[in-house]
Amino acid sequence: MTPIQERIEQLRRELNDHNHRYYVDNAPVISDQEFDRLMKELEELEQAHPEYADPLSPTQRVGSDLTKGFEQTPHIYPMLSLANTYSIEEVDEWVHRTRDALMGQEFTVVGEMKFDGSGISLIYEDGRLVRAVTRGDGEKGDIVTDNIKTIRSIPLVLKGEGWPRFFEIRGEIVLPWKEFDRLNAERAFNEEPLFANPRNAASGTLKMQNSREVARRGLDARFYYLLGPDLPYDNHYDNMVAARSWGFKVSTAMTCLHTLQEVDDYINHWDTARKELPVATDGLVFKVNSLRQQLNLGYRSKSPRWAIAYKFQAERALTRLRFVSFEVGRMGIVTPVANLDPVLLSGTIVKRASLHNEDIIKALDIHEHDMLYVEKGGEIIPKITGVEEAEREKGARPVEFVSYCPSCGTKLVRKEDEAAWMCPNKYGCPPQITGRVEHFVGRRMMNIDGIGEETSELLFQTGLVKNIADLYSLRKEQLEGLEGFGEKSADRIMQGIEDSKKVPFDRVVYALSIPYVGETVAKKLAKGVGSMDNLMTMSRDDLVAIEDIGPKIADSIIEYFAAPINQQIIARLREVGIQMEMAQEATAPLGDALKGKSVVISGVFEHHSRDQYKEMIERYGGKNVGSVSKKTDFILAGANMGPAKLEKAQKLGIPVINEDEFLAMLGKER
């Protein structure tokens, strides 16, 4: 492999990993600017060396927000992305290129805000909203008209006059900072994961099936482009001013710029002024104003030549480190936290930021009382990105990771191939115990209302709860005797404890805090083992045979149930009536319509999820298989079925059926 090919493969691996961290884990580790830099390097290398082309390269990936469960429709005009820049010089270069391409013609640039939300296309006919479509993959999107109708700032019927009989208007669905903070406060109270930023919250809300909940979320909109065969003006600016008069929210920051200096001044102004806006922004957009000139400039493969985006640098501040604290989680992982002099970032005061692990502290070379760079960039979770060594105090010592648990004093251990230090005193370390109690009572676990972090700690400190089984020994009078508790709060907890006995088995498994067993794995486990007795006695090989259960998870399960204290806890939970097996109706056969048949599932479905279809196949006597072979009886195909599977099915003469045909086979309606 040549050095060039090695670099190409390295970039592809890195970009695929960063894509996964961003879109799946929702935990990016590099900035958008760094990601774009890596992508640009890969694009240039692939263009210069076409012999190393790969159709699965990250450069060939088209971003998409298509979601199963929504009807999809093609866009009348493709929704392309914009080329990104990160410096005034790059914007100036675009202006010069545009002037050259227009062969010296005079042109005006329109500057406007780049709102950080979820792209939307609205279609109006005869002054009425008829359809709302998400960006999707740029060629087609999801129809979300019912959800869009709940956003009060979007006109359903236009006001004023002069609007065309038919037109499309494009914009961003945004979540104002005020509503974002309100939603995260609610989610924190309900012990749900916090939204990382307003963009994610807006995008997720737009795809909810419950329009009533969408209405409650407080979405807003900003519009930036008008399309259609009969627009009122021949330029972008006047068309958007007209759209504002029809009832659309068009940013007052939109400005006509006539010189390069005005463009530069616009950037410098909004780089600071944007922080006062009520909604999140991540940059500016510059467009050639004349629609005729836009047409003449045309498009690249992925973006228009007549527009460019300028991305703001992630908001960054320099503040002093007061001290580093070390906090213990329910799984025993010790996390270092930088406690900072308060600093304002993205509209909120930042006082703390996670340093994640010892390796991060060493890589940043953090010393006591260092001046640290903190970035937020619209994210809810601030991060330390660097140290200003010139500000370091003379004689300052490097920050050392603790060797002993800050809570119970046990010597820490570090697992092989992992960055985290852990406290091995699982059953005697207070924050691990209270953390497991807090997790156990959570809404998606046992849903015991009235017990949160503070109450979990109080119950432990008073000796009432030493493990999760002790919750079921609590008496109302014990709770009433605690500080801050009255009869109503005690009744609420006692009722929650009683109701938790009806919680299904898969949620019980999740509630136990078995390492590496999250919500999804718990469901797979519960379905695969059927009962707690089986889960406690299955071998490593038997566990690994269950879908999505790897050796690491299997070993963790075996280690968990090998501990006598956990065996005792399970026995006590069983004694008080906690569900210890899957309900028969959840696993009982529904018929034999698919008896003996091997079925492959491929594509995206509308009526049911893939997991639901897999369950149907099993409960009707069939077998789920992952790959197409001569033994496959048929393929259940949704939208965007894998081309390789389709080609192989055609070659082998294997039937391919759609959702409706499949449900008809089972005698079921949608």
Side-chain angles (χ1 to χ4, degrees), residues 187-193 327-333 407 423 425-476 478-479 482 485 489-490 492-526 529 531-532 535-536 553 556-557 559-561 563-582:
R187 294 175 77 84
F189 179 79
N190 293 325
E191 299 169 20
E192 298 174 325
E327 302 179 0
V328 187
R330 67 185 170 96
M331 295 301 187
I333 294 174
S407 179
C423 171
N425 186 20
K426 297 180 181 179
Y427 308 108
C429 182
Q432 294 190 59
I433 296 170
T434 57
R436 286 194 293 271
V437 171
E438 187 184 352
H439 174 78
F440 184 82
V441 302
R443 189 177 64 83
R444 298 200 312 280
M445 287 66 80
M446 304 304 285
N447 194 24
I448 300 177
D449 195 19
I451 302 179
E453 181 179 0
E454 291 183 5
T455 303
S456 297
E457 291 179 359
L458 180 61
L459 291 172
F460 176 78
Q461 289 166 1
T462 54
L464 294 177
V465 174
K466 296 289 183 63
N467 61 55
I468 56 177
D470 288 340
L471 290 165
Y472 295 89
S473 299
L474 288 173
R475 300 189 306 276
K476 179 181 176 182
Q478 290 176 316
L479 293 173
L482 297 176
F485 277 76
S489 53
R492 183 171 60 157
I493 290 175
M494 295 308 296
Q495 186 61 51
I497 289 172
E498 187 62 31
D499 292 344
S500 72
K501 297 173 184 179
K502 301 172 186 175
V503 165
F505 177 58
D506 61 304
R507 284 169 55 187
V508 174
V509 174
Y510 180 35
L512 293 178
S513 286
I514 303 172
Y516 310 118
V517 177
E519 188 172 12
T520 302
V521 170
K523 289 179 180 178
K524 296 283 177 69
L525 264 179
V529 303
S531 71
M532 188 67 75
L535 182 59
M536 295 176 71
I553 297 174
S556 177
I557 294 167
E559 181 183 349
Y560 179 89
F561 287 111
I565 188 172
N566 289 331
Q567 295 173 12
Q568 294 165 14
I569 287 171
I570 297 299
R572 290 177 62 192
L573 293 177
R574 189 194 305 274
E575 210 171 276
V576 298
I578 299 300
Q579 299 298 310
M580 290 289 159
E581 59 184 28
M582 289 289 283

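- Atom CE of residue M494 and atom CG of residue L471 lie 10.0 Å apart, to the nearest 0.5 angstrom.
- Residue F561 holds its CZ atom at 6.0 Å from CG of L512, rounded to the nearest 0.5 Å.
- With values rounded to the nearest 0.5 angstrom, K524 atom NZ is found 12.0 Å from D506 atom CG.
- Side-chain contact check for N467 versus R572: some heavy-atom pair is nearer than 4.5 Å.
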Could you give the side-chain donor-acceptor pairs of residues 456-464 under 3.5 Å, partners two or more places apart or in another chain?
residue	atom	partner	partner atom	Å
S456	OG	G452	O	2.7
T462	OG1	L458	O	2.8
T462	OG1	L459	O	3.2

Test Y510 against K523 for side-chain contact (heavy atoms from CB on, under 4.5 Å), laying out the working first. CA-CA 8 Å; Y510 180 35; K523 289 179 180 178; over 6 Å; no
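- Take K466 and apply the salt bridge (charged side-chain N to carboxylate O under 4.0 Å, His left out) test, not counting sequence neighbours, and it matches no residue.
- The main-chain N or O of F505 is never found under 3.5 Å from a side-chain atom of E581 such that the two would form a donor-acceptor pair.
- Using modelled atom types, no side-chain atom of S489 and backbone atom of F485 make a donor-acceptor pair closer than 3.5 Å.
- When N566, I569, I433 are each tested for a side-chain contact (heavy atoms from CB on, under 4.5 Å) with Y427, only one passes: N566.
- Summarising the local packing, CD of Q478 is surrounded by more than 12 heavy atoms from other residues, nucleotides or ligands at distances under 6.0 Å.
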Kindly indicate, with the supporting measurements, whether the criterion side-chain contact (heavy atoms from CB on, under 4.5 Å) is fulfilled by M582 and V529. CA-CA 9 Å; M582 289 289 283; V529 303; over 6 Å; no
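- Counting only heavy atoms from C-beta outward, the side chains of V509 and V517 approach each other to under 4.5 Å.
- With 3.5 Å as the limit, one finds no donor-acceptor pair spanning the side chains of S513 and R436.
- Note: M580 CE to L573 CG = 5.0 Å, rounded to the nearest 0.5 Å.
- Of the possible donor and acceptor atoms, none in the side chain of R330 sits under 3.5 Å from a partner among the backbone N and O of Q432.
- Within a 6.0 Å sphere centred on CD of E454, heavy atoms belonging to other residues, nucleotides or ligands number 12 at most.
- The backbone N or O of P515 lies less than 3.5 Å from a partner atom in the side chain of S556, making a donor-acceptor pair.
- The distance from the CD1 atom of I451 to the CG atom of L474 is 7.0 Å, given to the nearest 0.5 Å.
- In terms of heavy atoms, C429 sits closest to V328 at SG-CG1, 4.2 Å.
- With contacts defined as side-chain heavy-atom distances shorter than 4.5 Å, the pair R507/Q579 does not qualify.
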Report the C-alpha separation of M532 and V508 in whole Å, then their side-chain angles, then the decisive distance to 0.1 Å, and conclude whether the side-chain contact (heavy atoms from CB on, under 4.5 Å) test is met. CA-CA 10 Å; M532 188 67 75; V508 174; 4.2 Å; yes
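- Using a 4.5 Å cut-off on side-chain heavy atoms (C-beta onward), M446 and I578 make contact.
- Here the CG-OG distance, from D449 to S500, works out to 12.0 Å after rounding to the nearest 0.5 Å.
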side-chain contact (heavy atoms from CB on, under 4.5 Å) assessment of D499 paired with N447: CA-CA 8 Å; D499 292 344; N447 194 24; over 6 Å; no
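- Annotation: side chain of Y472 is in contact with side chain of K501 (closest heavy-atom distance under 4.5 Å).
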